[in-house]
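First comes the structure, then the notes that go with it.
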Protein chains: 2
Amino acid sequence: MHGANAVETIQREMTVFARRARAAAGRMHPELSLVSYTLLGHLEESGGCRATDLAAHYALDKSTVSRQVAALERSGLVERRPDAADQRAQVLHLTQAGRRVLARVTESRRAAFRERLAHWPAADLNRFADYLVRYNAWPGPARRD
Amino acid sequence: MHGANAVETIQREMTVFARRARAAAGRMHPELSLVSYTLLGHLEESGGCRATDLAAHYALDKSTVSRQVAALERSGLVERRPDAADQRAQVLHLTQAGRRVLARVTESRRAAFRERLAHWPAADLNRFADYLVRYNAWPGPARRD
DNA sequence: AGCAATGGTTGGCCTATGCAACCATGGGAG
DNA sequence: CTCCCATGGTTGCATAGGCCAACCATTGCT
């Protein structure tokens with residue numbers, strides 16, 4: 001598990017994690033898939049953005065985003081506002097309900113992670129977090145996601 | 001990114017990774033999905049096992065495994081042998097072609113990971129690998145996948 | 001003006017999965 | 001030795017999530 005094989009281990013464990021994550025997220029929050037959750041999260045962080053921005057950020061097809069957003073709007077979690085600067089575009093915003101649901105799911109996810117990482121030493125948590133950031137940052141946005 | 005927020009960062013980065021992984025894997029190896037790849041890998045490691053074992057190990061529905069295995073068999077990567085001890089069961093084995101494809105994809109995945117991790121210090125790679133193993137090991141097989 | 005580029009939507013299609021129903025074999029309990 | 005439930009697998013049905021291409025409306029450069 002060490003030495004020259006660290007790369008293999010990382011590869012294998014990231015694969016395991018990837019395989020499990022989506023289903024686990026679905027079981028945890030039937031009301032909000034992993035994708036919907038990240039889209040809502042991005043809207044909250046950005047304070048509203050266009051569908052195209054979401055598609056670019058997550059390297060999803062614009063049709064996929066369009067349908068996801070439509071579903072979120074049907075659920076009343078997202079609203080569309082006209083973009084004053086561009087008549088073609090719509091700016092997406094969280095609704096109050098959207099903020100509530102996002103907060104609830106975030107809290108529940110956070111609790112799961114906290115439980116899972118409960119007995120990790122703080123130094124290890126910090127390093128792990130750094131490694132993940134570094135790993136995901138490669139080689140920059142809009143490529144190789 | 002540090003201190004009290006390490007758990008949040010880990011949560012966020014794992015989520016990012018999970019969202020990206022499947023599509024990235026698909027782009028890397030059109031011939032072998034992430035799931036097929038892990039199933040083949042398990043067959044190689046275990047030296048052959050039953051579909052039910054695969055389903056249990058990966059917490060997939062047996063119907064899903066059944067179809068995946070059927071596809072792998074159609075592709076000639078896996079063969080079924082009768083289980084001498086149980087007429088209901090079949091023992092799955094890699095074929096020569098299966099071993100070849102698995103080796104090729106493994107190598108290509110490894111190359112991608114190597115590139116991505118190329119300039120990481122060895123100490124960081126080892127720690128990262130350890131953290132991932134520890135993270136995924138929780139709380140043991142057959143639960144919370 | 002004219003036309004290519006951009007933001008979005010929709011239709012068609014595919015993969016991956018889960019659940020439920022179903023079949024055949026196994027393995028005790030009587 | 002039966003009967004019945006458990007187990008290994010397959011298949012029908014439904015859902016989610018994606019991609020690509022075609023299409024519409026608006027933008028904005030030439």
Side-chain angles (χ1 to χ4, degrees), chain A residues 15 18-40 43 48-75 78-93 142 145, chain B residues 15 18-40 48-75 78-92 142 145:
Chain A
T15 302
R19 197 175 32 63
R20 294 173 170 179
R22 206 172 286 243
R27 254 169 277 141
M28 244 193 295
H29 322 285
E31 82 252 46
L32 208 55
S33 77
L34 194 58
V35 173
S36 299
Y37 174 74
T38 55
L39 294 185
L40 288 189
L43 287 183
C49 68
R50 299 170 308 165
T52 293
D53 301 330
L54 292 176
H57 191 78
Y58 294 115
L60 290 171
D61 193 83
K62 56 183 182 169
S63 63
T64 300
V65 172
S66 174
R67 280 183 250 264
Q68 292 282 341
V69 167
L72 291 172
E73 188 188 28
R74 273 196 300 282
S75 308
V78 156
E79 66 180 7
R80 310 168 192 253
R81 302 184 193 162
D83 182 340
D86 187 340
Q87 295 298 89
R88 296 169 298 181
Q90 310 156 11
V91 185
L92 307 170
H93 287 268
D145 56 296
Chain B
T15 302
R19 199 176 28 65
R20 293 173 170 180
R22 200 172 293 242
R27 254 170 276 142
M28 247 192 289
H29 323 285
E31 83 252 46
L32 208 55
S33 78
L34 195 58
V35 172
S36 299
Y37 174 73
T38 55
L39 294 185
L40 288 189
C49 67
R50 299 170 308 164
T52 294
D53 301 331
L54 293 176
H57 191 77
Y58 292 114
L60 290 171
D61 193 82
K62 57 183 181 170
S63 65
T64 300
V65 172
S66 174
R67 280 183 255 263
Q68 292 280 342
V69 167
L72 291 173
E73 188 188 26
R74 274 197 298 283
S75 309
V78 156
E79 66 179 6
R80 308 168 193 252
R81 301 182 194 163
D83 182 340
D86 187 339
Q87 295 298 90
R88 295 170 298 182
Q90 310 157 10
V91 185
L92 306 170
D145 55 296

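All values below were derived from every heavy atom in this structure, side-chain atoms included, with hydrogens, water molecules and symmetry-related copies excluded. Values in this document were obtained by computation on a predicted structure and should not be read as measured data.
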Check your understanding: Considering only heavy atoms from C-beta outward, does the side chain of A:L92 approach that of A:E73 to under 4.5 Å?
Key -> no

Check your understanding: Think B:S63 has a side-chain N or O under 4.0 angstrom from the OP1 or OP2 of C:dA20?
Key -> no

Point to revise | Most 5' of A:V69 and B:D61 on DNA chain C, judged by nearest nucleotide | key: A:V69

**Study point:** Rounded distance in Å - CG (A:D86) to P (C:dG7)
**Key:** 7 Å

Check your understanding: Under 4.0 Å between a side-chain N or O of B:T64 and OP1 or OP2 of C:dG18?
Key -> yes

Review point. D:dT26 C1' sits how many Å from A:R50 CZ, rounded?
Key: 13 Å

Check your understanding: Toward the 5' end of DNA chain D, which comes first, B:L92 or A:V35, by nearest nucleotide?
Key -> B:L92

Revision key, fill the gap. Nearest-nucleotide check on DNA chain D, A:A85 vs A:L34; residue mapping nearer the 5' end is A:L34

Exercise for review: Can you tell me the distance, in whole Å, between the CD atom of A:Q68 and the C1' atom of D:dA16?
Suggested key: 8 Å

Point to revise | Min side-chain heavy-atom separation A:T64-A:L54 under 4.5 Å | key: no

Practice item. Would you mind reading off the distance between B:Q90 atom CD and D:dT7 atom C1', rounded to a whole angstrom? Key: 13 Å

Check your understanding: Is there side-chain contact between B:V78 and B:L40, with at least one heavy-atom pair below 4.5 Å?
Key -> yes

Review point. How many Å lie between CZ on A:R80 and P on C:dG8, as a whole number?
Key: 9 Å

Point to revise | No-H, no-angle donor-acceptor pair, A:R88 side chain to D:dG28 base, under 3.5 Å | key: no

Check your understanding: For B:S66 and D:dG8, is the shortest distance between a side-chain N/O and OP1 or OP2 below 4.0 Å?
Key -> no

**Study point:** Donor/acceptor link under 3.5 angstrom from A:R67 side chain onto base of C:dG8
**Key:** no

Check your understanding: To the nearest angstrom, how far is B:Y58 atom OH from C:dA16 atom C1'?
Key -> 17 Å

Practice item. Go through the steps to decide whether A:Y58 and A:L39 satisfy the test side-chain contact (heavy atoms from CB on, under 4.5 Å), and finish with yes or no. Key: CA-CA 9 Å; A:Y58 294 115; A:L39 294 185; 3.7 Å; yes

Check your understanding: For B:L72 and C:dA16, what is the distance between atoms CG and P respectively, to the nearest whole Å?
Key -> 10 Å

Exercise for review: Would you check if the side chain of B:S66 reaches a backbone N or O of B:K62 as a donor-acceptor pair within less than 3.5 Å?
Suggested key: no

**Study point:** Length of the CG-C1' vector between B:D83 and C:dA24, whole Å
**Key:** 15 Å

